[in-house]
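A short write-up of the structure that comes next.
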Amino acid sequence: MKIEENVQRPTSNSESFREQAVQRSIQTLFEQFVLPTYARFDLVLERGEGSYVWDVNGRRYLDFGAGIAVCALGHGNLEIADALNEQARKLVHVSNLYYTGPQARLAKRIVDLIGPGRVFFCNSGAEANEGLFKLARKFGNQGPSLGNRYEIITARESFHGRTLAGIAATGQEKVKKGFEPMVAGFRQVPFNDLEAMRDAITESTAAILIEAIQGESGITPATVEYLLGLRSLCDKCNLLLLIDEVQAGHFRTGKFHAWQRILEDRPPDFLPDGISMAKGLGGGFPIGAFWVREKFASVLGPGTHASTFGGSPLACAVALRVLDVIQRDDLAANARRIGDFLIQKLKKLQQQFPTILREVRGVGLMIGIEFDPKLKAADIVNRLHEKNLLTVPAGNSVVRFLPPLNLSQYEAEEGLHAVEAVVAQLSRP
Ligand SMILES: *Cc1c(COP(=O)(O)O)cnc(C)c1O
């Protein structure tokens, strides 16, 4: 079938007639052939360069979403393209039946950035969390005489992925609805509430899993006291402390992981027992990973876990290049500096328009702007599209900034102008 066949003809015969026809034809193909699991925005994107993307109509947008915290170096990055090209000519994939250099080097790099431990590679955030769930189950399975601990306590408003265990772990009813019965062994307590966590622990509990900064529900950082309290609770009760850094990690907050940023002024003896990673790790190339503290490195032994694609030479070579560039250009410092600037400016705007902007939260380049609950996040994101800015909705009425880590001061200001324009629009009766 020719793509053009089902095109609905635009009524106006404008100059962009052809482009609009391309947009319609692509959207029609989606309507016919792609499962309708996403409520997509009315944009068809074609190419990108740095912090900008262009749609098929040639219109340019500043991208403060970066593929939901994925494109750490922005779009069309030539160093990523070179890494892909160089490695693809050598070896794209071999099975984990063999050793390969890029996986070895990336594992060491990740361990150097976290602490003594080991890494398992997979392909996504949900899979990385799945690995942590299996780690917790295996750890809790003490054999017939000692009994079985299997429960993982997570937080309300959390997000841990869309697999069956992921939605059971996630503290949001909307992702579970219709998929019951839930995978057993997960329950949720309020976030940043140490008492609630302590009260929820039973003799079946094996682990606690939290995000250092809750992302999908609207950017809520864990407090210092919460992280330290969970660590001592886990030590006392012999539980694994697991942290989901899929969204907040990979230098977005100014440190490799968000828990490291939150605890940066504390004595450096804190370590979680397991950490999941994905989104920004490959700068857009799909890769997931989880790190396990050295003490628990033998829990998942030979034959207990596997992934066909996990840790391929191609994925690992790209992730290594992304880390090289982030460290060479000190993009952690950039994320911190530009993030501080954005947060400070947004807080000023919030004080100017307190009924429209309820709160500004965030760390580094992970920022949430909470609007009046009467305003819907998707509606504000659409208004920002009108001003050529891409952002990501979260929760009910939060708009997220998750831009590339190499965002410039000029681009930050351009994004702020778009927000100011929309807030001014909303403030007019
Ligand atoms: C996005 C996300 C996931 C799921 O990652 P996928 O790659 O979509 O499977 C898990 N946890 C957190 C905190 C996330 O933001």
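First listed ligand is number 1; within each ligand, the first listed atom is number 1. For the single chain, residues carry numbers from 1 onward in sequence order. Computed over heavy atoms, backbone and side chain alike; hydrogens, waters and symmetry mates excluded.
For atom 2 (C) of ligand 1, the nearest protein heavy atom (residue, atom name, distance) is K279 NZ, 2.5 Å. Of all protein heavy atoms, the one closest to atom 9 (O) of ligand 1 is A126 N, 2.8 Å.
Geometrically, ligand 1 and E211 share no nitrogen or oxygen pair separated by less than 3.5 Å. Every N/O-N/O distance between A278 and ligand 1 stays at or above 3.5 Å. Inclusion of D244 in the set of residues having an N or O under 3.5 Å from an N or O of ligand 1 is warranted. Considering both main-chain and side-chain atoms, V246 never comes within under 3.5 Å of ligand 1 through any nitrogen or oxygen pair.
Sparse packing is recorded around CZ of F309, with 12 or fewer heavy atoms of other residues, nucleotides or ligands lying under 6.0 Å away. With a 6.0 Å radius and a threshold of 12 heavy atoms from other residues, nucleotides or ligands, K176 has its NZ atom above the threshold.
Of the protein's heavy atoms, at least one falls inside 4.0 Å of atom 11 (N) of ligand 1.
Note: F120 and W291 fail the aromatic proximity criterion, with ring centroids not under 6.0 Å apart.
Near N129, the atoms of ligand 1 lying under 4.0 angstrom from a non-hydrogen atom of the residue are 10 (C), 11 (N). For ligand 1 and G161, the ligand atoms under 4.0 Å from any heavy atom of the residue are 4 (C), 10 (C).
Ring geometry for F186 versus F133: interplanar angle over 60°, hence perpendicular rather than tilted (30 to 60°).
Proximity annotation for atom 5 (O) of ligand 1: of S124, S217, G125, G125 comes nearest, heavy atoms only.
Formation of a donor-acceptor pair under 3.5 Å by the N406 side chain with backbone atoms of L73 is found in this model.
The cationic group of R60 lies under 6.0 Å from the six-membered ring centre of Y52 and within 45° of the ring axis, placing it in a cation-pi geometry.
The line from OH of Y226 to CD1 of I262 is 11.5 Å long, rounded to the nearest 0.5 Å.
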